[in-house]
Amino acid sequence: MAKKPSIPKGTRDFSPAEMVRRNYIFDTIKGVFCKYGYMPLETPAMENLDTLLGKYGDEGDKLLFKILNSGDYLKKADETLLANKDSNRLTGQISEKGLRYDLTVPFARFVVQHQGELTFPFKRYQIQPVWRADRPQKGRYREFFQCDVDVVGSNSLLNEVELIQIVDEVFRKLGIRVVIKLNNRKVLAGIAEIIGEATRLTDITVAIDKLEKIGLEKVNAELAQKGLSAEAIDKLQPILSLSGSNSQKLEQLKEILAGSETGQKGIDEISEVLDVLKELNLATDVELDLTLARGLNYYTGAIFEVKALDVEIGSITGGGRYDDLTGIFGLKDVSGVGISFGADRIYDVMNQLDLYPPEVTSATQLMFVNFGAVEARYCLRLAGELRQKGLRVEVFPDNAKLKKQMNYAHKKNIGFVALVGEEEMNKGIVTLKDMNSGEQRSVKPEEIAEIIR
RNA sequence: GUGAUUGUAGCUCAGCUGGUUAGAGCGCCAGAUUGUGGCUCUGGAGGUCGCCGGUUCGAAUCCGGUCUUUCACCCCA
(Lines give C-alpha, C1' and ligand atoms only; values in the text may rest on other atoms or scores of the structure.)
Protein backbone atom coordinates (compact mmCIF):
# COMPACT_ATOMS: atom_id res chain seq x y z
CA MET A 1 0.00 0.00 0.00
CA ALA A 2 1.18 3.50 -0.74
CA LYS A 3 1.97 5.86 2.11
CA LYS A 4 -1.20 6.73 3.85
CA PRO A 5 -2.05 10.39 3.62
CA SER A 6 -2.56 12.15 6.91
CA ILE A 7 -3.32 15.49 8.50
CA PRO A 8 -1.18 17.48 10.94
CA LYS A 9 -1.14 16.58 14.59
CA GLY A 10 -4.06 17.94 16.54
CA THR A 11 -6.22 18.71 13.50
CA ARG A 12 -9.37 16.95 12.37
CA ASP A 13 -11.53 16.24 9.37
CA PHE A 14 -15.25 16.73 9.81
CA SER A 15 -17.28 14.18 7.88
CA PRO A 16 -20.69 15.04 6.43
CA ALA A 17 -22.36 13.31 9.38
CA GLU A 18 -20.31 15.42 11.78
CA MET A 19 -20.81 18.61 9.80
CA VAL A 20 -24.60 18.50 9.87
CA ARG A 21 -24.37 18.24 13.63
CA ARG A 22 -21.80 20.98 13.98
CA ASN A 23 -23.79 23.23 11.68
CA TYR A 24 -26.85 22.64 13.79
CA ILE A 25 -24.93 23.92 16.81
CA PHE A 26 -23.48 26.90 14.95
CA ASP A 27 -26.82 27.81 13.39
CA THR A 28 -28.54 27.66 16.75
CA ILE A 29 -25.92 29.89 18.32
CA LYS A 30 -25.91 32.34 15.41
CA GLY A 31 -29.68 32.57 15.52
CA VAL A 32 -29.56 33.65 19.17
CA PHE A 33 -26.74 36.17 18.61
CA CYS A 34 -28.74 37.65 15.78
CA LYS A 35 -31.79 38.12 17.97
CA TYR A 36 -29.80 40.35 20.31
CA GLY A 37 -28.46 42.53 17.52
CA TYR A 38 -24.99 41.08 17.08
CA MET A 39 -23.61 41.06 13.53
CA PRO A 40 -21.16 38.61 12.00
CA LEU A 41 -17.49 39.43 11.51
CA GLU A 42 -14.64 37.48 9.94
CA THR A 43 -10.94 38.26 10.05
CA PRO A 44 -8.05 36.58 8.20
CA ALA A 45 -6.63 33.27 9.37
CA MET A 46 -3.22 34.95 9.48
CA GLU A 47 -2.28 38.17 11.15
CA ASN A 48 0.92 40.14 11.19
CA LEU A 49 3.12 38.68 13.86
CA ASP A 50 3.47 41.98 15.70
CA THR A 51 -0.32 42.04 16.10
CA LEU A 52 -0.15 38.70 17.85
CA LEU A 53 3.13 38.70 19.76
CA GLY A 54 3.11 39.89 23.35
CA LYS A 55 -0.65 39.65 23.73
CA TYR A 56 -0.86 36.25 25.37
CA GLY A 57 2.19 36.25 27.62
CA ASP A 58 5.41 34.35 27.08
CA GLU A 59 3.58 31.06 27.12
CA GLY A 60 1.20 32.26 24.43
CA ASP A 61 4.00 33.50 22.19
CA LYS A 62 5.49 30.03 22.23
CA LEU A 63 2.19 28.55 21.11
CA LEU A 64 1.82 30.79 18.10
CA PHE A 65 2.07 29.15 14.71
CA LYS A 66 4.41 31.25 12.61
CA ILE A 67 4.32 31.40 8.85
CA LEU A 68 7.56 31.35 6.93
CA ASN A 69 8.11 34.31 4.62
CA SER A 70 7.69 33.58 0.95
CA GLY A 71 10.58 33.26 -1.45
CA ASP A 72 14.18 32.85 -0.37
CA TYR A 73 13.46 33.68 3.22
CA LEU A 74 16.92 32.79 4.52
CA LYS A 75 18.63 35.34 2.30
CA LYS A 76 17.80 38.24 4.57
CA ALA A 77 18.57 36.34 7.74
CA ASP A 78 21.49 37.37 9.90
CA GLU A 79 24.52 35.13 9.32
CA THR A 80 25.50 35.10 12.96
CA LEU A 81 22.06 34.12 14.16
CA LEU A 82 21.97 31.39 11.52
CA ALA A 83 25.36 30.06 12.50
CA ASN A 84 24.39 30.06 16.18
CA LYS A 85 21.05 28.42 15.42
CA ASP A 86 19.37 31.13 17.46
CA SER A 87 15.81 30.18 16.56
CA ASN A 88 14.15 32.73 18.80
CA ARG A 89 15.78 35.76 17.31
CA LEU A 90 15.89 34.29 13.83
CA THR A 91 12.11 33.94 13.82
CA GLY A 92 11.64 37.68 13.49
CA GLN A 93 13.74 37.71 10.35
CA ILE A 94 12.22 34.79 8.50
CA SER A 95 8.59 35.10 9.58
CA GLU A 96 6.33 38.12 9.75
CA LYS A 97 2.92 36.45 9.80
CA GLY A 98 1.26 34.02 12.17
CA LEU A 99 -1.99 32.11 12.50
CA ARG A 100 -4.46 33.75 14.85
CA TYR A 101 -4.39 32.40 18.40
CA ASP A 102 -7.85 33.57 19.37
CA LEU A 103 -10.58 35.82 18.02
CA THR A 104 -10.39 38.55 20.63
CA VAL A 105 -7.08 40.11 19.66
CA PRO A 106 -7.91 40.20 15.93
CA PHE A 107 -11.22 41.73 16.93
CA ALA A 108 -9.47 44.43 18.95
CA ARG A 109 -7.20 45.05 15.98
CA PHE A 110 -10.24 45.36 13.73
CA VAL A 111 -11.97 47.81 16.05
CA VAL A 112 -8.91 50.03 16.24
CA GLN A 113 -8.26 49.86 12.52
CA HIS A 114 -11.85 50.66 11.60
CA GLN A 115 -12.83 52.87 14.55
CA GLY A 116 -13.93 55.63 12.20
CA GLU A 117 -16.44 53.43 10.43
CA LEU A 118 -17.95 51.73 13.43
CA THR A 119 -20.96 52.77 15.43
CA PHE A 120 -20.58 52.20 19.15
CA PRO A 121 -21.52 50.23 21.07
CA PHE A 122 -20.28 47.79 18.47
CA LYS A 123 -21.74 44.30 18.77
CA ARG A 124 -20.30 41.46 16.75
CA TYR A 125 -20.03 37.72 16.74
CA GLN A 126 -17.33 35.68 15.09
CA ILE A 127 -17.15 31.95 14.49
CA GLN A 128 -13.83 30.86 13.05
CA PRO A 129 -11.00 28.43 13.70
CA VAL A 130 -7.98 29.41 15.74
CA TRP A 131 -4.62 27.66 16.00
CA ARG A 132 -2.31 26.87 18.87
CA ALA A 133 0.95 24.92 18.71
CA ASP A 134 0.04 23.20 21.95
CA ARG A 135 0.52 19.51 22.50
CA PRO A 136 -2.85 17.95 21.85
CA GLN A 137 -4.67 16.00 24.55
CA LYS A 138 -8.19 15.23 25.61
CA GLY A 139 -10.53 17.88 24.24
CA ARG A 140 -7.61 20.03 23.11
CA TYR A 141 -6.63 20.49 19.51
CA ARG A 142 -4.16 22.52 17.51
CA GLU A 143 -6.96 23.77 15.32
CA PHE A 144 -10.29 24.42 16.94
CA PHE A 145 -13.26 26.70 16.56
CA GLN A 146 -14.09 29.63 18.74
CA CYS A 147 -17.42 31.23 18.75
CA ASP A 148 -17.08 34.70 20.20
CA VAL A 149 -19.67 37.33 20.90
CA ASP A 150 -18.54 40.72 22.19
CA VAL A 151 -19.76 44.25 22.64
CA VAL A 152 -17.25 47.08 22.83
CA GLY A 153 -17.68 50.75 23.56
CA SER A 154 -20.12 50.46 26.44
CA ASN A 155 -19.48 50.27 30.16
CA SER A 156 -23.02 49.35 31.05
CA LEU A 157 -23.51 46.23 33.11
CA LEU A 158 -26.57 45.56 31.00
CA ASN A 159 -24.14 44.08 28.50
CA GLU A 160 -23.07 41.50 31.06
CA VAL A 161 -26.71 40.77 31.70
CA GLU A 162 -27.39 40.42 27.99
CA LEU A 163 -24.55 37.96 27.51
CA ILE A 164 -25.89 35.86 30.34
CA GLN A 165 -29.30 35.92 28.69
CA ILE A 166 -27.67 34.75 25.47
CA VAL A 167 -25.93 31.90 27.27
CA ASP A 168 -29.21 30.93 28.87
CA GLU A 169 -31.05 30.95 25.57
CA VAL A 170 -28.38 29.10 23.58
CA PHE A 171 -28.13 26.22 25.99
CA ARG A 172 -31.85 26.05 26.47
CA LYS A 173 -32.25 25.74 22.70
CA LEU A 174 -29.55 23.08 22.48
CA GLY A 175 -31.04 21.21 25.42
CA ILE A 176 -27.89 21.25 27.54
CA ARG A 177 -28.40 21.80 31.27
CA VAL A 178 -25.77 24.21 32.55
CA VAL A 179 -24.83 26.45 35.44
CA ILE A 180 -23.36 29.89 34.86
CA LYS A 181 -20.57 30.84 37.25
CA LEU A 182 -19.98 34.48 37.84
CA ASN A 183 -17.17 36.37 39.49
CA ASN A 184 -15.43 39.70 39.21
CA ARG A 185 -11.79 40.54 38.82
CA LYS A 186 -12.19 43.58 41.02
CA VAL A 187 -13.28 41.31 43.83
CA LEU A 188 -10.23 39.15 43.28
CA ALA A 189 -8.04 42.25 43.24
CA GLY A 190 -9.69 43.36 46.48
CA ILE A 191 -8.93 40.01 48.05
CA ALA A 192 -5.29 40.24 47.01
CA GLU A 193 -5.20 43.71 48.50
CA ILE A 194 -6.75 42.67 51.79
CA ILE A 195 -4.39 39.78 52.33
CA GLY A 196 -1.50 42.12 51.62
CA GLU A 197 -0.38 40.64 48.34
CA ALA A 198 -1.86 43.11 45.85
CA THR A 199 1.01 42.69 43.45
CA ARG A 200 0.56 38.93 43.22
CA LEU A 201 -2.91 39.00 41.69
CA THR A 202 -1.96 36.82 38.72
CA ASP A 203 -0.32 34.12 40.82
CA ILE A 204 -3.26 34.13 43.17
CA THR A 205 -5.88 33.87 40.42
CA VAL A 206 -4.02 31.13 38.58
CA ALA A 207 -3.77 29.13 41.78
CA ILE A 208 -7.30 29.48 43.08
CA ASP A 209 -8.70 28.80 39.64
CA LYS A 210 -7.52 25.24 40.21
CA LEU A 211 -9.37 24.83 43.47
CA GLU A 212 -12.08 22.60 42.12
CA LYS A 213 -9.62 20.49 40.22
CA ILE A 214 -6.78 19.91 42.68
CA GLY A 215 -8.30 20.81 46.06
CA LEU A 216 -7.56 23.32 48.79
CA GLU A 217 -4.37 21.69 50.07
CA LYS A 218 -2.62 21.81 46.75
CA VAL A 219 -3.78 25.32 46.02
CA ASN A 220 -2.26 26.46 49.29
CA ALA A 221 0.91 24.58 48.50
CA GLU A 222 1.14 26.28 45.14
CA LEU A 223 0.54 29.69 46.67
CA ALA A 224 3.29 29.07 49.19
CA GLN A 225 5.58 27.89 46.45
CA LYS A 226 4.89 31.09 44.51
CA GLY A 227 6.17 33.01 47.49
CA LEU A 228 3.01 34.12 49.26
CA SER A 229 3.43 34.60 52.98
CA ALA A 230 1.85 32.07 55.34
CA GLU A 231 -0.11 34.92 56.83
CA ALA A 232 -1.61 35.87 53.48
CA ILE A 233 -2.55 32.28 52.71
CA ASP A 234 -4.12 32.05 56.13
CA LYS A 235 -6.22 35.12 55.49
CA LEU A 236 -7.33 33.68 52.21
CA GLN A 237 -8.84 30.53 53.69
CA PRO A 238 -12.22 31.88 54.83
CA ILE A 239 -12.69 33.49 51.43
CA LEU A 240 -12.03 30.29 49.53
CA SER A 241 -14.49 28.38 51.63
CA LEU A 242 -17.36 30.89 51.46
CA SER A 243 -20.67 29.14 51.02
CA GLY A 244 -24.39 29.73 50.93
CA SER A 245 -26.63 31.58 48.51
CA ASN A 246 -25.33 34.35 46.27
CA SER A 247 -26.64 37.04 48.57
CA GLN A 248 -25.19 35.34 51.65
CA LYS A 249 -21.80 35.18 49.97
CA LEU A 250 -22.05 38.83 49.00
CA GLU A 251 -22.90 39.82 52.56
CA GLN A 252 -19.85 38.04 53.94
CA LEU A 253 -17.67 39.44 51.20
CA LYS A 254 -18.75 42.96 51.96
CA GLU A 255 -17.36 42.63 55.45
CA ILE A 256 -14.17 40.93 54.39
CA LEU A 257 -13.46 43.49 51.69
CA ALA A 258 -14.56 46.50 53.70
CA GLY A 259 -11.08 47.95 53.46
CA SER A 260 -10.74 47.67 49.72
CA GLU A 261 -12.31 50.20 47.41
CA THR A 262 -11.72 48.05 44.35
CA GLY A 263 -13.22 45.08 46.10
CA GLN A 264 -16.35 47.03 46.99
CA LYS A 265 -16.72 48.14 43.42
CA GLY A 266 -16.57 44.52 42.32
CA ILE A 267 -19.21 43.53 44.83
CA ASP A 268 -21.47 46.33 43.62
CA GLU A 269 -21.08 45.18 40.04
CA ILE A 270 -21.92 41.60 40.85
CA SER A 271 -24.91 42.66 42.94
CA GLU A 272 -26.28 44.80 40.16
CA VAL A 273 -25.95 42.08 37.53
CA LEU A 274 -27.59 39.52 39.78
CA ASP A 275 -30.31 42.01 40.67
CA VAL A 276 -31.30 42.69 37.08
CA LEU A 277 -31.16 38.99 36.26
CA LYS A 278 -33.66 38.23 39.01
CA GLU A 279 -36.40 39.95 37.03
CA LEU A 280 -35.64 38.11 33.81
CA ASN A 281 -36.62 34.58 34.82
CA LEU A 282 -33.73 32.70 33.33
CA ALA A 283 -33.90 28.93 33.14
CA THR A 284 -30.23 28.70 34.10
CA ASP A 285 -28.83 29.14 37.59
CA VAL A 286 -26.29 31.91 37.97
CA GLU A 287 -23.93 31.23 40.80
CA LEU A 288 -21.39 33.51 42.37
CA ASP A 289 -18.14 31.57 42.49
CA LEU A 290 -15.15 33.26 44.08
CA THR A 291 -12.80 30.55 42.95
CA LEU A 292 -13.56 31.34 39.33
CA ALA A 293 -10.53 33.26 38.14
CA ARG A 294 -9.83 32.49 34.47
CA GLY A 295 -6.28 32.82 33.36
CA LEU A 296 -6.59 35.60 30.84
CA ASN A 297 -4.95 38.68 32.23
CA TYR A 298 -6.85 41.25 30.27
CA TYR A 299 -10.09 40.70 32.18
CA THR A 300 -10.82 43.58 34.53
CA GLY A 301 -14.43 43.22 35.65
CA ALA A 302 -17.00 40.47 35.39
CA ILE A 303 -15.80 37.01 34.49
CA PHE A 304 -18.02 34.09 33.67
CA GLU A 305 -17.82 30.47 32.88
CA VAL A 306 -20.46 27.92 31.95
CA LYS A 307 -20.38 24.30 33.03
CA ALA A 308 -22.46 21.44 31.76
CA LEU A 309 -24.36 19.73 34.54
CA ASP A 310 -24.67 16.29 32.99
CA VAL A 311 -21.22 15.77 31.52
CA GLU A 312 -17.76 16.02 33.06
CA ILE A 313 -15.93 18.17 30.59
CA GLY A 314 -14.81 21.40 32.23
CA SER A 315 -16.05 24.72 31.03
CA ILE A 316 -17.91 24.92 27.73
CA THR A 317 -18.21 28.70 27.55
CA GLY A 318 -16.33 31.52 29.20
CA GLY A 319 -15.60 35.20 29.04
CA GLY A 320 -15.47 38.48 30.83
CA ARG A 321 -15.01 42.22 30.70
CA TYR A 322 -11.80 43.81 29.54
CA ASP A 323 -11.42 47.53 30.02
CA ASP A 324 -8.49 48.21 27.82
CA LEU A 325 -8.13 45.60 25.15
CA THR A 326 -7.78 48.09 22.32
CA GLY A 327 -5.26 50.09 24.31
CA ILE A 328 -2.43 47.89 23.08
CA PHE A 329 -3.30 49.03 19.57
CA GLY A 330 -3.47 52.66 20.51
CA LEU A 331 -7.17 53.20 21.18
CA LYS A 332 -7.76 54.12 24.81
CA ASP A 333 -10.86 53.89 26.93
CA VAL A 334 -12.85 51.41 24.91
CA SER A 335 -14.27 48.88 27.30
CA GLY A 336 -15.61 45.60 26.07
CA VAL A 337 -17.23 42.48 27.38
CA GLY A 338 -17.54 39.19 25.61
CA ILE A 339 -17.87 35.46 25.84
CA SER A 340 -16.64 32.56 23.84
CA PHE A 341 -18.62 29.39 23.24
CA GLY A 342 -16.41 26.30 23.12
CA ALA A 343 -17.84 24.77 19.98
CA ASP A 344 -15.83 21.56 20.12
CA ARG A 345 -16.72 20.84 23.71
CA ILE A 346 -20.35 21.69 23.13
CA TYR A 347 -20.24 19.24 20.24
CA ASP A 348 -18.85 16.56 22.55
CA VAL A 349 -21.58 17.24 25.11
CA MET A 350 -24.31 17.12 22.45
CA ASN A 351 -22.97 13.79 21.21
CA GLN A 352 -22.68 12.24 24.62
CA LEU A 353 -26.20 13.20 25.55
CA ASP A 354 -27.54 12.65 22.01
CA LEU A 355 -29.42 15.92 22.00
CA TYR A 356 -29.92 16.39 18.26
CA PRO A 357 -33.47 16.66 16.98
CA PRO A 358 -34.17 13.89 14.46
CA GLU A 359 -34.54 16.19 11.45
CA VAL A 360 -30.93 17.33 11.85
CA THR A 361 -29.47 14.00 10.86
CA SER A 362 -31.80 13.14 7.98
CA ALA A 363 -30.58 14.04 4.53
CA THR A 364 -32.23 12.85 1.32
CA GLN A 365 -35.91 11.98 1.59
CA LEU A 366 -36.43 10.26 -1.75
CA MET A 367 -34.17 8.56 -4.27
CA PHE A 368 -35.09 7.65 -7.83
CA VAL A 369 -33.59 4.40 -9.05
CA ASN A 370 -31.78 4.66 -12.38
CA PHE A 371 -33.04 2.10 -14.92
CA GLY A 372 -31.26 3.60 -17.92
CA ALA A 373 -30.87 6.79 -19.90
CA VAL A 374 -34.51 7.23 -20.93
CA GLU A 375 -35.94 6.41 -17.52
CA ALA A 376 -33.36 8.59 -15.77
CA ARG A 377 -34.34 11.65 -17.80
CA TYR A 378 -37.97 11.05 -16.98
CA CYS A 379 -37.07 10.76 -13.29
CA LEU A 380 -34.96 13.89 -13.42
CA ARG A 381 -38.08 15.81 -14.39
CA LEU A 382 -40.15 14.27 -11.61
CA ALA A 383 -37.35 14.92 -9.14
CA GLY A 384 -37.23 18.57 -10.21
CA GLU A 385 -40.91 18.98 -9.56
CA LEU A 386 -40.63 17.42 -6.11
CA ARG A 387 -37.69 19.66 -5.20
CA GLN A 388 -39.84 22.64 -6.12
CA LYS A 389 -42.23 21.43 -3.47
CA GLY A 390 -39.37 21.53 -1.00
CA LEU A 391 -38.43 17.85 -0.87
CA ARG A 392 -34.84 16.65 -0.74
CA VAL A 393 -34.55 14.35 -3.72
CA GLU A 394 -31.77 12.63 -5.63
CA VAL A 395 -31.59 10.52 -8.76
CA PHE A 396 -29.02 7.74 -8.77
CA PRO A 397 -26.50 8.74 -11.44
CA ASP A 398 -25.52 5.32 -12.83
CA ASN A 399 -27.56 2.52 -14.32
CA ALA A 400 -26.07 0.22 -11.70
CA LYS A 401 -27.50 -3.02 -10.44
CA LEU A 402 -30.67 -2.50 -8.50
CA LYS A 403 -29.10 -4.18 -5.52
CA LYS A 404 -26.33 -1.61 -5.47
CA GLN A 405 -28.75 1.29 -5.82
CA MET A 406 -31.02 -0.01 -3.07
CA ASN A 407 -28.03 -0.54 -0.86
CA TYR A 408 -26.91 3.03 -1.47
CA ALA A 409 -30.32 4.30 -0.37
CA HIS A 410 -30.22 2.04 2.66
CA LYS A 411 -26.74 3.16 3.75
CA LYS A 412 -27.60 6.80 3.29
CA ASN A 413 -30.70 6.36 5.37
CA ILE A 414 -32.97 7.60 2.60
CA GLY A 415 -36.59 7.17 3.61
CA PHE A 416 -38.20 6.41 0.26
CA VAL A 417 -37.09 4.94 -3.05
CA ALA A 418 -39.00 5.49 -6.30
CA LEU A 419 -38.75 2.86 -8.99
CA VAL A 420 -39.75 4.11 -12.41
CA GLY A 421 -39.08 1.70 -15.27
CA GLU A 422 -40.63 1.32 -18.68
CA GLU A 423 -43.87 -0.05 -17.29
CA GLU A 424 -44.37 2.74 -14.76
CA MET A 425 -43.56 5.34 -17.39
CA ASN A 426 -46.21 3.96 -19.74
CA LYS A 427 -48.81 3.89 -16.99
CA GLY A 428 -47.83 7.30 -15.65
CA ILE A 429 -47.20 6.00 -12.14
CA VAL A 430 -44.24 5.37 -9.87
CA THR A 431 -43.54 2.46 -7.57
CA LEU A 432 -42.79 4.02 -4.22
CA LYS A 433 -41.03 1.98 -1.60
CA ASP A 434 -40.95 2.90 2.08
CA MET A 435 -37.48 1.82 3.16
CA ASN A 436 -38.38 1.60 6.81
CA SER A 437 -41.41 -0.68 6.52
CA GLY A 438 -40.41 -2.32 3.25
CA GLU A 439 -43.88 -1.73 1.85
CA GLN A 440 -44.30 -0.52 -1.67
CA ARG A 441 -47.18 0.69 -3.74
CA SER A 442 -48.04 2.31 -7.05
CA VAL A 443 -48.85 5.98 -6.79
CA LYS A 444 -49.33 8.94 -9.09
CA PRO A 445 -46.37 11.34 -9.22
CA GLU A 446 -48.45 14.17 -7.77
CA GLU A 447 -49.24 12.09 -4.69
CA ILE A 448 -45.59 11.53 -3.72
CA ALA A 449 -44.99 14.77 -1.85
CA GLU A 450 -48.06 14.19 0.31
CA ILE A 451 -47.02 10.65 1.26
CA ILE A 452 -43.44 11.50 2.12
CA ARG A 453 -44.17 14.57 4.17
C1' G B 1 8.58 22.70 26.76
C1' U B 2 8.63 18.03 30.59
C1' G B 3 7.15 12.81 31.56
C1' A B 4 4.66 8.53 29.90
C1' U B 5 1.99 5.82 26.00
C1' U B 6 0.49 3.93 21.06
C1' G B 7 1.35 2.33 15.83
C1' U B 8 -0.05 -4.91 12.39
C1' A B 9 -5.81 -5.28 6.26
C1' G B 10 -10.48 0.29 4.92
C1' C B 11 -11.96 -0.07 10.66
C1' U B 12 -11.35 -2.53 15.73
C1' C B 13 -7.70 -5.60 17.32
C1' A B 14 -4.88 -10.87 18.12
C1' G B 15 0.11 -12.45 17.06
C1' C B 16 3.88 -16.16 23.51
C1' U B 17 10.80 -16.11 25.65
C1' G B 18 12.94 -13.70 17.89
C1' G B 19 11.93 -19.27 13.92
C1' U B 20 8.10 -21.68 7.49
C1' U B 21 3.41 -18.67 3.65
C1' A B 22 1.30 -12.65 9.63
C1' G B 23 -4.49 -14.02 11.61
C1' A B 24 -9.80 -12.82 13.41
C1' G B 25 -14.23 -9.89 13.52
C1' C B 26 -16.49 -5.97 11.00
C1' G B 27 -16.51 -3.50 6.29
C1' C B 28 -15.68 -4.01 0.88
C1' C B 29 -16.42 -6.91 -3.88
C1' A B 30 -18.87 -11.15 -6.26
C1' G B 31 -22.49 -15.10 -6.18
C1' A B 32 -26.94 -17.72 -4.02
C1' U B 33 -31.39 -13.62 -5.45
C1' U B 34 -31.14 -11.07 -14.10
C1' G B 35 -36.79 -4.94 -11.02
C1' U B 36 -35.71 -4.73 -4.73
C1' G B 37 -31.79 -2.78 0.61
C1' G B 38 -31.59 -4.79 5.85
C1' C B 39 -31.15 -11.04 7.68
C1' U B 40 -28.56 -15.67 6.17
C1' C B 41 -25.00 -18.71 3.45
C1' U B 42 -20.70 -19.32 -0.04
C1' G B 43 -16.41 -17.38 -2.28
C1' G B 44 -12.80 -13.38 -3.23
C1' A B 45 -9.69 -9.07 -3.01
C1' G B 46 -6.86 -6.43 0.45
C1' G B 47 -0.65 -6.05 4.64
C1' U B 48 7.33 -4.25 2.15
C1' C B 49 3.70 -5.18 10.41
C1' G B 50 4.40 3.80 10.90
C1' C B 51 9.32 5.24 8.82
C1' C B 52 14.91 5.01 8.98
C1' G B 53 18.96 2.55 10.91
C1' G B 54 21.24 -1.29 14.20
C1' U B 55 21.80 -6.41 16.65
C1' U B 56 21.09 -11.51 14.61
C1' C B 57 21.94 -17.21 10.46
C1' G B 58 16.89 -15.20 10.95
C1' A B 59 13.06 -9.26 13.38
C1' A B 60 5.96 -7.62 13.41
C1' U B 61 8.74 -9.34 17.95
C1' C B 62 15.10 -6.92 20.66
C1' C B 63 17.91 -1.86 20.54
C1' G B 64 18.44 3.50 18.84
C1' G B 65 16.36 7.57 16.26
C1' U B 66 12.18 9.86 14.00
C1' C B 67 7.05 10.69 13.00
C1' U B 68 2.17 9.57 14.80
C1' U B 69 -1.79 8.37 18.72
C1' U B 70 -3.43 8.86 23.55
C1' C B 71 -2.71 10.76 28.55
C1' A B 72 -0.72 13.81 32.61
C1' C B 73 2.09 18.42 33.83
C1' C B 74 2.67 23.68 32.23
C1' C B 75 -0.94 26.56 30.02
C1' C B 76 -5.62 26.75 28.02
C1' A B 77 -11.03 26.44 24.79
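Protein chains get the first letters and strands the later ones, always in sequence-line order, with residue 1 at the start of each.
Atom CG in A/L292 sits roughly 12 Å away from atom P in B/A77 (whole-Å rounding). The distance from atom OH of A/Y141 to atom C1' of B/U70 is 12 Å, rounded to the nearest whole Å. In this entry the distance linking CG of A/D102 with P of B/A77 reads 8 Å, nearest Å. A/L63 has its CG atom 8 Å from the C1' atom of B/C76, to the nearest Å. We find that CD of A/E59 is positioned 15 Å from C1' of B/A77, with the value rounded to whole Å. We find that CG of A/D209 is positioned 12 Å from P of B/C74, with the value rounded to whole Å.
On the C1' atoms, B/U66 is 23 Å away from B/A72, given to the nearest whole Å.
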Please encode protein proximity along nucleotides 34-39 of chain B as a string of B, S and -, counting only heavy-atom distances under 4.0 Å. -BBBB-

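Within 4.0 Å of A/G10, counting heavy atoms only, lie sugar-phosphate atoms of the nucleic acid but no base atom. No engagement by A/G318 is indicated, since no non-hydrogen atom pair under 4.0 Å with the nucleic acid exists.
Between A/D344 and A/R12 a salt bridge is recorded (basic side-chain N to carboxylate O distance below 4.0 Å). Classification of A/D348 and A/R345 as a salt-bridged pair fails, no side-chain N sitting under 4.0 Å from a carboxylate O. Taking a cutoff of 4.0 Å between a charged side-chain nitrogen and a carboxylate oxygen, A/R172 and A/D168 qualify as a salt bridge.
For residues 127-138 of chain A, proximity to RNA chain B is found at A/R132, A/D134, A/R135, A/Q137, A/K138, defined as any non-hydrogen atom under 4.0 angstrom from a strand atom.
Relative to the six-membered ring of A/F65, A/R132 misses at least one condition, a distance below 6.0 Å or an angle of at most 45° to the axis.
Close to B/C75, at under 4.0 Å from its OP1 or OP2, lies a side-chain N or O of A/K210.
Between A/F107 and A/F122, the ring-plane angle classifies as parallel under the 30° and 60° cut-offs.
A distance below 6.0 Å separates the ring centres of A/F341 and A/F33.
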